[in-house]
Amino acid sequence: MATIQSMFNNTQDRLLAYYRPLFKVGSAKPLWHLMIATSIIMYTQNYVFNKGTHIQAARQEKKIALEEYYEKHGKSGHH
């Protein structure tokens with residue numbers, strides 16, 4: 001636990017040393033970093049919790065439905 005605490009404190013010190021001067025001079029770099037991080041987190045969360053399993057399940061359902069259709073009606077190259 002002490003190792004995790006020291007890693008957290010070290011990371012926090014490095015981030016403060018990097019971003020504090022940028023905030024003081026009014027740089028837009030911290031804003032861009034925050035926007036990129038937010039986008040990555042939101043995209044990942046959306047895919048993992050919403051689209052990932054639902055899309056895979058829908059594809060599997062369509063595959064099974066097509067196989068059943070082809071068994072019943074045959075598979076021809078024409079419409």
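These numbers were taken from a predicted model, which means no experiment stands behind them.
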Practice task
Dump the intermediate steps for side chain to side chain contact (heavy atoms under 4.5 Å, CB included) on Glu68 and Ile64, then the final yes or no.
Solution key: CA-CA 6 Å; Glu68 290 174 0; Ile64 292 170; 3.6 Å; yes
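- Side chains of Tyr18 and Arg14 form no contact here, defined as non-hydrogen atoms less than 4.5 Å apart.
- Distance check, rounded to the nearest 0.5 Å: NZ of Lys62 to CZ of Arg59 gives 8.5 Å.
- Leu22 and Pro30 get closest at one heavy-atom pair: CB-CG, 3.8 Å.
- Here CD of Glu67 is found 15.5 Å from NZ of Lys72. Values are rounded to the nearest 0.5 Å.
- Between Tyr47 and Tyr43, the two ring planes are parallel [angle under 30°; tilted spans 30° to 60°].
- Between the side chain of Ser6 and the backbone N or O of Thr3 there is at least one donor-acceptor pair closer than 3.5 Å.
- Note that the CD1 atom of Ile36 and the CG atom of Leu31 stand 9.5 Å from one another [nearest 0.5 Å].
- To the nearest 0.5 Å, the span separating CG on Leu16 from OG1 on Thr11 amounts to 11.0 Å.
- Separating the CG atom in Asn9 from the CD1 atom in Ile4 is a distance of 12.0 Å, to the nearest 0.5 Å.
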